[in-house]
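First the structure, in the form of structure tokens, and then the observations on it.
Letters A, B, ... are given to chains in the order of the sequence lines, protein chains preceding strands, and every chain is numbered from 1.
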2 protein chains.
Amino acid sequence: MYICLTMSNSKLYKGSLSTIILKLLGETDRMYGYEITQKVKVLTKGELIMTEGALYPALHKLEAEGFLDVEVVKVDNRMRKYYRLTEEGNKETSNRIADLQNYMETMQFLIKPKLTLE
Amino acid sequence: MYICLTMSNSKLYKGSLSTIILKLLGETDRMYGYEITQKVKVLTKGELIMTEGALYPALHKLEAEGFLDVEVVKVDNRMRKYYRLTEEGNKETSNRIADLQNYMETMQFLIKPKLTLE
DNA sequence: TTTTATGCATAAATAAATTATGTATATTTG
DNA sequence: CAAATATACATAATTTATTTATGCATAAAA
């Protein structure tokens, strides 16, 4: 039987995935899909697991929207698709991060403990 | 022509709505649906708009899950359905808030500006 | 009297995940 | 050496949670 000690029960709040992808690509110039999943896993200490079923469609969509450029490379006889931000993708990244920041501030305000003295 | 100055473009990140509902009910003992939408609108200065199409199904679901009790009241000849947290709902509220807090911390860590000196 | 506000509800459409597969190669392990 | 695990992509089916679009009804405001 398999005991999972560092359970990542935290499902993604829908809408944040592509922002994470963009942000990572904003830092690292070019990355391939599998690399992104691993990076997120390491950075969040297993807290956030990016499933491939979510990741790859998200990458394809971002590419179709013109935010990513792709470059196929063969390494060790295995395929890699490297993605990098386009000019547009760069702007989009800033916008989405700002949106998410703003949203999180709002949420923080809503769910922060309230003093109930009245 | 209608010019919207304080545009709330911020769509809800899916998964956070019911947490907001629970949190508000954790503060205010009992509230009815419409009241919740207005409260959120005021608290967030129009930043977050809870659509009724999302709110009412969410309330019904929380009730079905045993987290809310309902009490129907007629005020000014109009119906109100007051919701309040059950015992279970109280626990669930704490859990969901903790989850969301945790998720937001993780996200903050991921999207915070990085110093790229290496 | 028409619009806006109050108050509920639900159906259809959309979006974005999860889950479950599938293919293929490389590496590690027993 | 065989089997399991890691690497690396992909897609289809399903699930979930929204938005959008309605609908009904009463009260108040314009």
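Between the P atom of D/dT19 and the CE atom of B/Met50 lies a distance of 10 Å, rounded to the nearest Å. Here C/dC8 presents its C1' atom at 10 Å from CG of B/Leu55, a figure rounded to the nearest Å. Atoms CG (A/Asp76) and P (C/dT28) sit 11 Å apart, rounded to a whole Å. Between B/Leu17 atom CG and D/dT18 atom P the separation is 5 Å, expressed in whole Å. As a whole-Å value, the separation of B/Ile49 CD1 from D/dA21 P is 16 Å. We find that OH of A/Tyr13 is positioned 15 Å from C1' of D/dT18, with the value rounded to whole Å. The NZ-P distance, from B/Lys74 to D/dT26, rounds to 8 Å in whole Å. Atom-to-atom, CD of B/Glu35 to P of C/dT6 comes out at 12 Å; the value is rounded to the nearest Å.
No contact: B/Thr37 has no heavy atom under 4.0 Å from any strand. As judged by a 4.0 angstrom heavy-atom cut-off over every strand, B/Gly53 is placed among the base-contacting residues.
Checking side-chain atoms of B/Lys23 against main-chain N and O of A/Lys112 turns up a donor-acceptor pair under 3.5 Å. Checking side-chain atoms of B/Tyr103 against main-chain N and O of A/Tyr13 turns up a donor-acceptor pair under 3.5 Å.
Distance from the side chain of A/Ala54 is smallest to C/dA17 among C/dT10, C/dA17, D/dT7. Which of D/dC9, C/dA9, C/dA17 sits closest to the side chain of A/Tyr34 comes down to D/dC9. Of the candidates D/dT19, C/dC8, D/dC9, the closest approach to any side-chain atom of B/Arg80 belongs to C/dC8. The side chain of A/Lys81 has D/dA10 as its nearest neighbour among D/dT26, D/dA8, D/dA10. Closest to the side chain of B/Gln38, out of D/dT7, C/dT6, D/dA10, is C/dT6. Residue B/Glu52 places its side chain closer to C/dC8 than to any other of C/dC8, D/dT18, C/dA17.
Taking the nucleotide of DNA chain D with the nearest heavy atom to each of B/Lys61 and B/Asn77, the more 5' of the two is matched to B/Lys61.
In this model, the phosphate group of D/dC9 is not approached by any side-chain N or O of A/Tyr32 to a distance below 4.0 Å at OP1 or OP2. In this model, the phosphate group of C/dT25 is not approached by any side-chain N or O of A/Arg78 to a distance below 4.0 Å at OP1 or OP2. Side-chain N/O atoms of B/His60 include one lying less than 4.0 angstrom from OP1 or OP2 on C/dT10. When the side-chain nitrogen and oxygen atoms of B/Tyr56 are compared with OP1 and OP2 of C/dA9, none of them lie within a distance under 4.0 Å.
A/Arg96 has its side chain within reach of A/Phe67: a pair of non-hydrogen atoms, C-beta onward, lies under 4.5 Å apart.
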Between A/Lys39 and A/Glu35, does the salt bridge (Lys or Arg N to Asp or Glu O under 4.0 Å) criterion hold? Intermediate values first, please. CA-CA 6 Å; A/Lys39 181 107 179 182; A/Glu35 188 184 7; over 6 Å; no
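When only modelled atom types and interatomic distance are considered, A/Tyr82 and A/Arg84 share no side-chain donor-acceptor pair under 3.5 Å.
With hydrogens and angles ignored, no donor-acceptor pair closer than 3.5 Å exists between the side chain of A/Lys14 and the base of D/dT18.
Atom OG1 of B/Thr44 and atom CG of A/Asn102 lie 10.0 Å apart (nearest 0.5 Å).
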